[in-house]
Amino acid sequence: MRHTVNAATRRVFAILLGTAASALFTMNAFAQKTTEQGIQEYRDMLADGNPAELIELRGEDLWTKPQGPKNASLEQCDVGMGPGKLEGAVAQMPRFFSDAGKVMDIETRLVHCMVTLQGRDVAEITKKPFSSDGEKPSELESLVAYVYAASRGATIKVPQSHPEERAARARGEKIFFYRAGPYDFSCASCHATDDQRIRLQGLPNLTKPEPAQAAFGAWPAYRVSQGAVRSMQWRMYDCFRQQRFPELKYGSQASIDLITYLGVKAEGGTMQATSLKR
(Lines give C-alpha, C1' and ligand atoms only; values in the text may rest on other atoms or scores of the structure.)
Protein backbone atom coordinates (compact mmCIF):
# COMPACT_ATOMS: atom_id res chain seq x y z
CA MET A 1 0.00 0.00 0.00
CA ARG A 2 1.50 3.38 -1.03
CA HIS A 3 1.47 6.18 1.46
CA THR A 4 1.16 9.68 0.06
CA VAL A 5 1.55 13.06 1.71
CA ASN A 6 -0.90 15.65 0.51
CA ALA A 7 -0.10 19.34 0.02
CA ALA A 8 -1.75 20.39 3.29
CA THR A 9 0.38 17.95 5.28
CA ARG A 10 3.55 19.12 3.55
CA ARG A 11 2.72 22.71 4.49
CA VAL A 12 2.27 21.68 8.12
CA PHE A 13 5.67 19.93 8.09
CA ALA A 14 7.27 23.03 6.54
CA ILE A 15 5.78 25.29 9.19
CA LEU A 16 6.94 22.98 11.98
CA LEU A 17 10.47 22.77 10.56
CA GLY A 18 10.63 26.52 10.11
CA THR A 19 9.45 27.10 13.66
CA ALA A 20 12.03 24.65 15.02
CA ALA A 21 14.84 26.27 13.03
CA SER A 22 13.80 29.72 14.21
CA ALA A 23 13.69 28.55 17.83
CA LEU A 24 17.17 26.98 17.52
CA PHE A 25 18.58 30.19 16.01
CA THR A 26 17.04 32.23 18.82
CA MET A 27 18.44 29.88 21.47
CA ASN A 28 21.93 30.07 19.93
CA ALA A 29 21.79 33.85 19.73
CA PHE A 30 20.57 34.03 23.32
CA ALA A 31 23.33 31.68 24.48
CA GLN A 32 25.97 33.77 22.68
CA LYS A 33 24.57 37.01 24.08
CA THR A 34 24.45 35.75 27.63
CA THR A 35 27.98 34.28 27.34
CA GLU A 36 29.38 37.61 26.20
CA GLN A 37 27.39 39.44 28.86
CA GLY A 38 28.69 37.04 31.49
CA ILE A 39 32.30 37.61 30.45
CA GLN A 40 31.79 41.39 30.52
CA GLU A 41 30.10 41.23 33.92
CA TYR A 42 33.09 39.22 35.18
CA ARG A 43 35.49 41.88 33.91
CA ASP A 44 33.39 44.68 35.39
CA MET A 45 33.33 42.91 38.75
CA LEU A 46 37.14 42.72 38.85
CA ALA A 47 37.79 46.17 37.38
CA ASP A 48 37.75 48.03 40.69
CA GLY A 49 40.50 45.80 42.03
CA ASN A 50 42.60 45.21 38.93
CA PRO A 51 45.75 43.30 40.03
CA ALA A 52 47.67 45.28 37.41
CA GLU A 53 47.69 48.20 39.83
CA LEU A 54 50.20 46.34 42.02
CA ILE A 55 52.39 45.70 38.98
CA GLU A 56 52.18 49.38 38.02
CA LEU A 57 53.51 50.25 41.49
CA ARG A 58 56.36 47.80 41.03
CA GLY A 59 57.08 49.43 37.68
CA GLU A 60 57.22 52.87 39.33
CA ASP A 61 59.81 51.58 41.78
CA LEU A 62 61.90 50.20 38.91
CA TRP A 63 61.55 53.48 36.96
CA THR A 64 63.08 55.46 39.83
CA LYS A 65 65.61 52.84 40.99
CA PRO A 66 69.29 53.44 40.07
CA GLN A 67 70.59 50.36 38.27
CA GLY A 68 73.32 49.10 35.94
CA PRO A 69 76.98 50.04 35.56
CA LYS A 70 76.02 53.73 35.39
CA ASN A 71 73.92 53.46 38.59
CA ALA A 72 71.18 55.53 36.96
CA SER A 73 67.39 55.47 37.03
CA LEU A 74 65.10 55.70 34.01
CA GLU A 75 63.67 59.06 35.07
CA GLN A 76 65.39 60.82 32.15
CA CYS A 77 64.16 58.31 29.56
CA ASP A 78 62.57 60.08 26.59
CA VAL A 79 59.60 58.10 25.26
CA GLY A 80 58.58 60.78 22.79
CA MET A 81 57.40 63.68 24.95
CA GLY A 82 60.75 64.77 26.36
CA PRO A 83 63.02 63.30 29.08
CA GLY A 84 60.98 61.80 31.92
CA LYS A 85 57.59 62.89 30.52
CA LEU A 86 55.15 59.99 30.37
CA GLU A 87 51.65 61.47 30.21
CA GLY A 88 50.04 60.57 26.91
CA ALA A 89 53.28 59.20 25.47
CA VAL A 90 52.27 55.65 24.58
CA ALA A 91 49.13 56.89 22.81
CA GLN A 92 51.56 58.29 20.23
CA MET A 93 53.75 55.22 19.79
CA PRO A 94 55.31 53.55 17.88
CA ARG A 95 57.14 56.58 16.52
CA PHE A 96 60.46 57.55 14.95
CA PHE A 97 63.28 58.47 17.35
CA SER A 98 66.12 60.43 15.80
CA ASP A 99 68.65 59.42 18.47
CA ALA A 100 68.13 55.75 17.57
CA GLY A 101 67.45 56.36 13.88
CA LYS A 102 64.41 54.09 13.76
CA VAL A 103 60.78 53.58 14.70
CA MET A 104 60.29 52.17 18.20
CA ASP A 105 57.38 50.97 20.27
CA ILE A 106 57.36 51.60 24.02
CA GLU A 107 59.02 48.30 24.86
CA THR A 108 61.98 48.69 22.53
CA ARG A 109 62.30 52.29 23.69
CA LEU A 110 62.46 51.19 27.32
CA VAL A 111 65.18 48.68 26.42
CA HIS A 112 67.03 51.48 24.59
CA CYS A 113 66.92 53.66 27.72
CA MET A 114 68.06 50.81 29.96
CA VAL A 115 71.08 50.36 27.69
CA THR A 116 71.95 54.02 27.09
CA LEU A 117 71.09 55.51 30.50
CA GLN A 118 71.94 52.60 32.77
CA GLY A 119 74.66 50.91 30.73
CA ARG A 120 72.98 47.53 30.82
CA ASP A 121 73.32 44.66 28.34
CA VAL A 122 70.48 44.29 25.83
CA ALA A 123 70.78 40.49 25.71
CA GLU A 124 70.44 40.28 29.49
CA ILE A 125 67.44 42.64 29.55
CA THR A 126 65.54 40.75 26.84
CA LYS A 127 66.55 37.22 27.84
CA LYS A 128 63.11 36.59 29.37
CA PRO A 129 60.82 39.57 28.73
CA PHE A 130 57.63 37.65 29.53
CA SER A 131 56.93 35.94 32.84
CA SER A 132 55.55 32.41 32.92
CA ASP A 133 52.11 31.72 34.41
CA GLY A 134 52.13 32.39 38.14
CA GLU A 135 55.60 33.94 38.18
CA LYS A 136 56.53 37.38 39.45
CA PRO A 137 56.17 39.91 36.62
CA SER A 138 59.30 40.56 34.63
CA GLU A 139 61.06 43.89 34.85
CA LEU A 140 59.83 44.89 31.40
CA GLU A 141 56.23 43.86 32.13
CA SER A 142 56.28 45.99 35.28
CA LEU A 143 57.78 49.02 33.54
CA VAL A 144 55.31 48.72 30.67
CA ALA A 145 52.36 48.65 33.08
CA TYR A 146 53.65 51.77 34.86
CA VAL A 147 54.33 53.75 31.69
CA TYR A 148 50.95 52.86 30.17
CA ALA A 149 49.15 53.95 33.33
CA ALA A 150 50.35 57.51 32.65
CA SER A 151 48.49 57.50 29.31
CA ARG A 152 45.15 56.15 30.51
CA GLY A 153 42.43 58.28 28.92
CA ALA A 154 44.72 59.72 26.23
CA THR A 155 43.62 59.81 22.60
CA ILE A 156 45.41 57.41 20.26
CA LYS A 157 47.33 59.18 17.49
CA VAL A 158 50.27 57.15 16.20
CA PRO A 159 52.36 59.58 14.12
CA GLN A 160 52.86 59.17 10.37
CA SER A 161 54.77 62.34 9.56
CA HIS A 162 58.22 60.73 9.17
CA PRO A 163 58.96 58.51 6.13
CA GLU A 164 60.15 55.71 8.42
CA GLU A 165 56.83 55.80 10.29
CA ARG A 166 54.89 55.48 7.05
CA ALA A 167 57.16 52.67 5.91
CA ALA A 168 56.61 50.81 9.18
CA ARG A 169 52.83 51.08 8.76
CA ALA A 170 53.02 49.81 5.18
CA ARG A 171 55.14 46.82 6.17
CA GLY A 172 52.82 46.12 9.09
CA GLU A 173 49.82 46.03 6.78
CA LYS A 174 51.57 43.50 4.52
CA ILE A 175 52.39 41.31 7.53
CA PHE A 176 48.81 41.55 8.78
CA PHE A 177 47.46 40.08 5.53
CA TYR A 178 50.36 37.69 4.81
CA ARG A 179 49.24 34.05 4.74
CA ALA A 180 51.69 31.27 5.56
CA GLY A 181 52.42 28.38 7.88
CA PRO A 182 50.86 24.90 8.08
CA TYR A 183 47.33 26.35 8.38
CA ASP A 184 47.79 29.05 5.72
CA PHE A 185 46.81 31.63 8.34
CA SER A 186 47.37 35.36 8.59
CA CYS A 187 46.47 37.92 11.22
CA ALA A 188 43.57 38.80 8.93
CA SER A 189 42.24 35.22 9.09
CA CYS A 190 40.91 36.02 12.56
CA HIS A 191 40.82 39.81 12.58
CA ALA A 192 39.47 41.07 9.24
CA THR A 193 35.89 39.77 9.40
CA ASP A 194 32.89 40.73 11.53
CA ASP A 195 31.28 38.42 14.11
CA GLN A 196 34.02 35.79 14.35
CA ARG A 197 34.68 33.88 17.55
CA ILE A 198 37.16 31.39 18.95
CA ARG A 199 35.69 29.40 21.85
CA LEU A 200 34.18 32.08 24.14
CA GLN A 201 36.31 34.89 22.77
CA GLY A 202 34.99 37.38 20.24
CA LEU A 203 37.54 38.31 17.55
CA PRO A 204 37.54 42.04 16.71
CA ASN A 205 37.71 43.12 13.08
CA LEU A 206 40.88 45.20 13.29
CA THR A 207 40.42 46.64 9.81
CA LYS A 208 37.53 48.77 11.13
CA PRO A 209 38.11 51.87 13.29
CA GLU A 210 35.87 51.14 16.27
CA PRO A 211 37.03 47.57 17.05
CA ALA A 212 40.63 48.55 16.26
CA GLN A 213 40.39 51.43 18.74
CA ALA A 214 38.96 49.18 21.46
CA ALA A 215 41.57 46.47 20.91
CA PHE A 216 44.64 48.71 20.63
CA GLY A 217 43.58 50.84 23.58
CA ALA A 218 43.13 47.80 25.86
CA TRP A 219 46.73 46.53 25.72
CA PRO A 220 48.68 45.81 27.82
CA ALA A 221 46.19 43.75 29.79
CA TYR A 222 46.11 41.69 32.94
CA ARG A 223 45.23 38.13 31.89
CA VAL A 224 43.27 36.61 34.76
CA SER A 225 43.78 33.06 33.44
CA GLN A 226 47.57 33.56 33.51
CA GLY A 227 47.87 35.84 36.53
CA ALA A 228 50.11 38.22 34.58
CA VAL A 229 50.29 41.51 32.74
CA ARG A 230 50.73 40.82 29.04
CA SER A 231 52.14 43.53 26.82
CA MET A 232 51.55 44.36 23.16
CA GLN A 233 54.82 42.64 22.25
CA TRP A 234 53.49 39.52 23.96
CA ARG A 235 50.22 39.84 22.04
CA MET A 236 52.12 39.87 18.73
CA TYR A 237 54.30 36.95 19.86
CA ASP A 238 51.28 34.88 20.88
CA CYS A 239 49.43 35.60 17.63
CA PHE A 240 52.43 34.34 15.67
CA ARG A 241 52.53 31.24 17.88
CA GLN A 242 48.86 30.51 17.26
CA GLN A 243 49.38 30.87 13.51
CA ARG A 244 52.28 28.36 13.81
CA PHE A 245 54.66 30.96 12.40
CA PRO A 246 58.36 31.05 13.35
CA GLU A 247 58.85 32.51 16.83
CA LEU A 248 58.62 36.30 16.78
CA LYS A 249 61.69 37.87 18.33
CA TYR A 250 61.07 40.39 21.09
CA GLY A 251 61.36 43.92 19.74
CA SER A 252 61.86 42.77 16.14
CA GLN A 253 61.13 45.01 13.18
CA ALA A 254 58.15 42.84 12.26
CA SER A 255 56.59 43.26 15.70
CA ILE A 256 57.03 47.04 15.65
CA ASP A 257 55.65 47.27 12.11
CA LEU A 258 52.53 45.31 13.09
CA ILE A 259 51.96 47.45 16.18
CA THR A 260 52.40 50.58 14.04
CA TYR A 261 49.78 49.39 11.55
CA LEU A 262 47.31 48.54 14.33
CA GLY A 263 47.96 51.84 16.08
CA VAL A 264 47.28 53.85 12.93
CA LYS A 265 44.03 51.92 12.38
CA ALA A 266 43.05 52.78 15.97
CA GLU A 267 43.47 56.56 15.60
CA GLY A 268 40.95 58.50 17.66
CA GLY A 269 40.44 55.75 20.24
CA THR A 270 41.13 56.05 23.95
CA MET A 271 43.89 54.36 25.92
CA GLN A 272 42.36 52.15 28.63
CA ALA A 273 45.33 50.01 29.59
CA THR A 274 46.12 48.24 31.72
CA SER A 275 42.81 46.46 31.17
CA LEU A 276 41.45 43.08 32.29
CA LYS A 277 41.10 40.07 30.00
CA ARG A 278 40.11 36.47 30.57
Side-chain angles (χ1 to χ4, degrees), residues 36 39-53 55-56 59 79-81 85-95 103-110 140-160 165 168-169 172-173 175-176 187-188 190-196 201-226 228-239 255-278:
E36 292 176 346
I39 293 172
Q40 187 57 51
E41 288 172 2
Y42 175 68
R43 290 171 177 162
D44 293 341
M45 181 178 65
L46 292 174
D48 288 339
N50 190 337
E53 294 176 6
I55 300 171
E56 291 170 8
V79 292
M81 311 297 283
K85 297 179 180 180
L86 298 180
E87 187 175 354
V90 293
Q92 299 181 45
M93 294 184 76
R95 67 186 303 145
V103 175
M104 294 175 152
D105 70 334
I106 185 59
E107 294 177 68
T108 51
R109 187 61 181 177
L110 285 171
L140 282 168
E141 287 170 337
S142 301
L143 284 167
V144 165
Y146 169 63
V147 172
Y148 266 87
S151 290
R152 196 172 292 130
T155 300
I156 299 168
K157 189 171 178 57
V158 174
Q160 287 285 279
E165 294 168 344
R169 187 213 61 79
E173 183 174 12
I175 295 170
F176 184 83
C187 300
C190 291
H191 294 293
T193 306
D194 294 337
D195 302 321
Q196 290 205 115
Q201 185 68 42
L203 298 172
N205 183 347
L206 299 179
T207 65
K208 291 186 173 182
E210 188 172 341
Q213 291 165 358
F216 188 85
W219 288 94
Y222 184 87
R223 297 299 294 263
V224 176
S225 59
Q226 299 176 5
V229 164
R230 297 307 188 195
S231 67
M232 184 64 87
Q233 280 282 337
W234 178 89
R235 180 67 274 174
M236 300 299 101
Y237 170 88
D238 199 53
C239 284
S255 68
I256 295 169
D257 292 346
L258 260 176
I259 296 169
T260 302
Y261 169 68
L262 296 174
V264 172
K265 297 297 289 186
E267 182 173 351
T270 302
M271 296 302 303
Q272 303 168 17
T274 301
S275 66
L276 271 172
K277 293 187 180 291
R278 59 173 177 80

Does the pair Arg95 and Arg109 meet the rule for a side chain to side chain contact (heavy atoms under 4.5 Å, CB included), with working shown?
-> CA-CA 10 Å; Arg95 67 186 303 145; Arg109 187 61 181 177; over 6 Å; no
Worked verdict on Val90 versus Val79 for side chain to side chain contact (heavy atoms under 4.5 Å, CB included) | CA-CA 8 Å; Val90 293; Val79 292; over 6 Å; no
Chi angles and distances behind the side chain to side chain contact (heavy atoms under 4.5 Å, CB included) call for Tyr261, Ile175 = CA-CA 9 Å; Tyr261 169 68; Ile175 295 170; over 6 Å; no
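For the pair Glu165 and Arg169, the salt-bridge criterion is not met [side-chain N within less than 4.0 Å of a carboxylate O].
Between the side chain of Glu141 and the main chain of Ala228, no donor-acceptor pair closer than 3.5 Å is present. Asn205 contributes no side-chain N or O that, together with a main-chain N or O of Pro211, makes up a donor-acceptor pair within less than 3.5 Å.
One distance of note links CD of Gln213 with CE of Met271; it measures 12.0 Å at 0.5 Å rounding. Atoms NZ and OG1, on Lys208 and Thr193 in that order, are 9.5 Å from each other to the nearest 0.5 Å. Residue Tyr222 holds its OH atom at 12.5 Å from CD of Glu56, rounded to the nearest 0.5 Å. One distance of note links OG of Ser255 with CD of Glu107; it measures 8.0 Å at 0.5 Å rounding. Note: Met236 CE to Ile256 CD1 = 12.0 Å, rounded to the nearest 0.5 Å. Taking CE from Met93 and OG from Ser151, the interatomic distance works out to 9.5 Å, rounded to the nearest 0.5 Å.
Closest heavy-atom contact between Pro220 and Val144: CG-CG1, 3.8 Å. Of all non-hydrogen atoms in Lys265 and Ala212, the two that sit nearest each other are O-CB, 3.9 Å. In terms of heavy-atom proximity, Val229 sits nearest to Ala145 at CG1-CB, 4.5 Å. For the residue pair Val158 and Pro94, the shortest heavy atom distance occurs at CG1-O, 3.3 Å. Across all their heavy atoms, Gln272 and Arg152 have their closest contact at O-NE, 4.0 Å. Across all non-hydrogen atoms, the minimal contact from Trp219 to Ser231 is CE3-O, 4.0 Å.
For the 3.5 Å distance criterion, the side chains of Thr108 and Asp105 qualify, holding a donor opposite an acceptor.
Tested against Phe216 for a side chain to side chain contact (heavy atoms under 4.5 Å, CB included), the candidates Leu262, Val264, Thr270, Leu206 yield a single pass: Leu262. Partner of Met232 under the side chain to side chain contact (heavy atoms under 4.5 Å, CB included) criterion, chosen from Ile259, Leu258, Ile106: Ile259.
Side-chain contact between Leu276 and Pro51: present, with at least one pair of heavy atoms (C-beta onward) separated by less than 4.5 Å.
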